[in-house]
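Beneath this line is the structure, given in structure tokens, with notes to follow.
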Amino acid sequence: MYHTLSVTDTFRDIGNAILSFRSLADVLDVLLVAFVIYSVIKLIRETRAIQLAKGVILLLIVYAAVYLLNMEVSSYMFSLLFSNILLVLVVIFSPEIRHALESVGRSSVSNFSILNFKHGDEIQRQEMYADMINAVTKACADMSDKKIGALLVFERESILGEIIDTGTLIDAAISPEMIGNIFYPKAPLHDGAAIVRNARLCAAGCILPLTKNTEISSELGTRHRAALGLSEQSDALVIVVSEETGAISAAEKGRLRRSLSSGDLRELLTQTFMKPETDEDNRLKKWLKGHKHEKNAPEKKD
């Protein structure tokens, strides 16, 4: 009888909670909370914060056991810890919180194509990035064959000003020869990373943060660890050419793809930086080329 009443009361409470939604604000409130919880879970799963979360859950379980067993000294220690749990979580998860805030900051209304009317600038940008992809692919293939170590960072939405300040400013167009000269073993800037911003070589000889992940393979050298470290703290794409094996690798979002061929590298760069052309873009490109041709054509004399 008691069980039946409890179930009935539970369903009644659920029904009352549903009926309590009297405005659109309540619905939006629930959706916002659900989105925040989903985002937190997704953030934890995609970073090393999952291990920290497991540790916090374990502490909660121990605290519950200590409290039930009435262990006064241990209960006092845990109560001090969990009384400042918000501050503790902020300190522990500070890199993940920073990453989440940067992700929110990268979401801007300017990314919506409906607000982008600069088709001519977009076509010019696509051509510029196509030249960059060709130059980087050729340079990395050459350095891979010669086993010349290289570290190329491609800035995206996360601004890498602090990293750029550690190196030497260049601001030059990208070419296979330029990249080869930077990473030539006897060149003064070959040990650091080269930063690519807006399809141009921005700086070289830059210092990257090393990864704190202790689970990566011990055979990975400093370049690979630096590539992973920066990819964990930003949305940058980092390309590594191994000096020992000549293998090409790519680090992104804290993950390392190894043993890429030049074709794999070209495909990765294309997917990252080249927006697929729509029919409207193709028509506009043809119109611009035709308009340019008509403008440069000699005038006919009557």
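None of these values were measured; they are calculated from a predicted model. Values below: all heavy atoms of this structure, side chains included; hydrogens, waters and symmetry mates excluded.
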### Query
Which distance, rounded to the nearest 0.5 Å, do you find between the OH of Y63 and the OG of S75?
6.5 Å

### Task
Could you verify whether a donor N or O on one side chain and an acceptor N or O on the other, from R125 and N198, lie under 3.5 Å apart?
no

### Message
I'd like to know if L208 and L210 are part of one continuous hydrophobic network [Ile/Leu/Val/Met/Phe/Trp/Tyr, side-chain heavy atoms within less than 4.5 Å].
### Response
no

### Query
Are the side chains of I248 and D264 in touch, meaning some heavy atoms are under 4.5 Å apart?
no

### Side-chain heavy-atom pair L237, I239 within 4.5 angstrom cut-off
yes

### Message
Would a single hydrophobic cluster contain both V196 and V241, if residues Ile, Leu, Val, Met, Phe, Trp and Tyr are joined by side-chain heavy-atom contacts under 4.5 Å?
### Response
yes

### Task
Taking the side chain as every heavy atom from C-beta outward, state whether L265 and S262 have any atom pair closer than 4.5 Å.
no

### Query
Got a second to check how far L230's CG is from T211's OG1, nearest 0.5 Å?
11.0 Å

### Query
Which heavy-atom pair separates G254 from S231 by the least distance, and what is that distance?
N-OG, 3.2 Å

#### Entry: From L220 atom CG to E244 atom CD, the distance as rounded to the nearest 0.5 Å
10.5 Å

Side-chain donor-acceptor pairs of residues 141-154 under 3.5 Å, sequence neighbours excluded:
| from | atom 1 | to | atom 2 | distance (Å) |
| --- | --- | --- | --- | --- |
| D142 | OD2 | K138 | NZ | 3.2 |
| S144 | OG | G246 | O | 2.4 |

## Note on the structure
Heavy atoms of I207 and T166 approach each other most closely as N-OG1, 2.9 Å

### Message
Within this structure, what is the CG-CD1 distance for the pair L269 and I133, rounded to the nearest 0.5 Å?
### Response
5.5 Å

### Query
Going by heavy atoms in the side chains, are M71 and M77 under 4.5 Å from each other?
no

### Query
At their closest point, which heavy atom of C202 faces which heavy atom of R197, and how far apart are they?
CB-CB, 4.0 Å

### Message
Please check this pair: side chain of T137 against backbone of N134, looking for a donor-acceptor N/O pair closer than 3.5 Å.
### Response
no

### Query
Taking the side chain as C-beta and beyond, is there a heavy-atom pair between R223 and D191 under 4.5 Å?
yes

#### Entry: Between NZ on residue K212 and CG on residue L228, distance to nearest 0.5 Å
14.0 Å

### Query
Under the 3.5 angstrom rule, does the side chain of R200 hit a backbone N or O of D171 as a donor-acceptor pair?
yes

### Summary
Here the pair of heavy atoms bringing Q126 nearest to F273 is OE1-O, 3.9 Å

## Note on the structure
Correct closest heavy-atom pair for A203 and I164 would be CB-CG2, 3.9 Å

### Task
Just jot down the side chain to side chain contact (heavy atoms under 4.5 Å, CB included) partners of L189, sequence neighbours excluded, or say none.
T168, A204

### Close side-chain approach of E232 to N213, heavy-atom, < 4.5 Å
yes

#### Entry: Shortest non-hydrogen contact between A194 and F183, atoms and distance
CB-CZ, 3.7 Å

### Message
Looking at E155 and L160, would you say the former's side chain and the latter's main chain have a donor-acceptor pair under 3.5 Å?
### Response
yes

### Task
Using a 4.5 Å cut-off on heavy atoms from C-beta on, say whether the side chain of H224 contacts that of I216.
no

### Message
Measuring from atom OG of S242 to atom CD of E219, what distance do you get when rounded to the nearest 0.5 angstrom?
### Response
9.5 Å

#### Entry: Linked, directly or transitively: M274 and M132 (ILVMFWY side chains, under 4.5 Å)
yes

### Message
Would a single hydrophobic cluster contain both I163 and V238, if residues Ile, Leu, Val, Met, Phe, Trp and Tyr are joined by side-chain heavy-atom contacts under 4.5 Å?
### Response
yes

### Task
Would you confirm whether D235, through its side chain, and S158, through its main-chain N or O, come within 3.5 Å as a donor-acceptor pair?
yes

### Expected output: side-chain H190 to main-chain P185 donor-acceptor under 3.5 Å
yes

### Query
Would L201 and M128 show up in the same hydrophobic cluster when neighbours are defined by side-chain heavy atoms closer than 4.5 Å?
yes

